[in-house]
Participant: 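I'd like to ask you about the structure that follows.
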Amino acid sequence: MKAISQDERGGPEVLRLVEQQVPEPGPAEVLVRVHAAGVNPTDWKTRTRGYFYGDEKPPFTVGFDVAGTVEATGPGVTVHSPGDQVFGLPRFPHPAGAYAEYLTAPARHLVRVPQGMDLLHAAALPLSGLTAWQALVDTAQVRPGQRVLVHAAVGGVGHLAVQIAKAHGAVVVGTASAGKHDYLRELGVDEPVDYTAGPIDELVTNIDVVLDTLGGDTRERSLACLRPGGMLVSVIPPPGFDSTLLPRRDGVQVTWMLVEPDPVGLRSLVELVEAGSLRVHVDRTFPLKDAADAHRYGEKGRTVGKLVLTVS
């Protein structure tokens, strides 16, 4: 099979197309023929720094989001059969190897593709969609009428977070440059904010929940936007994953989270897709062999929605 591999950490140029053996599914695993793989900032961070826990050495194949067809099942699998179209976030934050024509995955890390969604868009959903779901629903427990601030609201996580918050009855404040405000309104943003107009704490007030997708100064200033009793959930880890290094403010909660495989969350996203309450925007697609170009484009920080590799 064809796969993207790298022999060293570095820039996009280290990604190369190679031939590898098709893996065999082990107990409780399935073999998936990959149709498409989502491209995420986590991918190029892994390309340059290695995996979160630091002990995975090259060569390795990056990529976590996957959508495809079950080709074979390992011993003990009852939830999928050959021919099923599935998608998911297998093994995260451990290697999944989604930039390849085949991969194996724990069967229960994958769910059926929603009705009416093609595999290309399904591949764009897991990591970003689960990040938004686990931050807003599982962690912040967003409720109807709450004011939710979503940073980088046209981005991969942001554009899905807006829709998830709206589906839970929230009033959504979303940041983006002024030229993208019409798109924010299409997503359901109630109050578009031009982040270039000034510091966020001078532009936004009375927020119940902040979804921080940027970190740094934006995360710190966002604390002043919160009402007493509010919560900031960051998906950007503090240095060394040390929660004591997060900014603090009396009277509000501050936490960070790392997305994880979650079939329950995936099925909840499926329900929203099938109800017409959640749609994934794919900015551009690239063939597998051009994975380096996908990374170059993504690292410019101009993506609206998601990037996807078409594999087979």
Participant: CG of D212 to OG of S234: how many Å apart, nearest 0.5 Å?
Facilitator: 3.5 Å
Participant: Got E186 and H181 here, is their nearest side-chain heavy-atom distance under 4.5 Å?
Facilitator: no
Participant: Using a strict threshold of under 4.0 Å (side-chain N to carboxylate O), is an ion pair present between D283 and K306?
Facilitator: no
Participant: Return the minimal non-hydrogen interatomic distance between A140 and M231, and the atom names on each side.
Facilitator: CA-SD, 3.6 Å
Participant: Would you please indicate yes or no on a ring centroid separation below 6.0 angstrom for F87 and H109?
Facilitator: no
Participant: Can you tell me how far apart CG (D65) and CG (N40) are? Round to the nearest 0.5 Å.
Facilitator: 4.5 Å
Participant: Centroid-to-centroid, F52 to H94, below 6.0 Å?
Facilitator: no
Participant: Do side-chain atoms of R267 reach the backbone of V111 as a donor and acceptor pair under 3.5 angstrom?
Facilitator: no
Participant: Under the criterion salt bridge (Lys or Arg N to Asp or Glu O under 4.0 Å), which of E299, E56, E13 is the partner of R47?
Facilitator: E299
Participant: For residues D262 and D138, determine if any side-chain heavy atom of one lies less than 4.5 Å from a side-chain heavy atom of the other.
Facilitator: yes
Participant: Identify the heavy atoms of V172 and A165 that sit nearest to each other, and give their distance.
Facilitator: CG2-CB, 3.7 Å
Participant: Can E29 and R91 be counted as an ion pair, charged N to O under 4.0 angstrom?
Facilitator: yes
Participant: Using a strict threshold of under 4.0 Å (side-chain N to carboxylate O), is an ion pair present between K2 and E101?
Facilitator: no
Participant: Does the side chain of T69 pick up a donor-acceptor pair with the side chain of H35 at under 3.5 Å?
Facilitator: yes
Participant: Would you check if T104 and E24 make a side-chain contact, meaning some heavy-atom pair closer than 4.5 Å?
Facilitator: no
Participant: How would you list, by chain and number, every residue that makes a side-chain contact (heavy atoms from CB on, under 4.5 Å) with D242, sequence neighbours excluded?
Facilitator: T244, L245
Participant: Distance alone, cut at 3.5 Å: any donor-acceptor contact between the side chains of W256 and S243?
Facilitator: yes
Participant: Mark yes when over 12 heavy atoms from residues, nucleotides or ligands other than R143 sit less than 6.0 Å from its CZ; otherwise mark no.
Facilitator: no
Participant: Hey, is D190 close enough to K166 for a salt bridge, meaning N to O under 4.0 Å?
Facilitator: yes
Participant: Does V86 reach the side chain of V32, with side-chain heavy atoms less than 4.5 Å apart?
Facilitator: yes
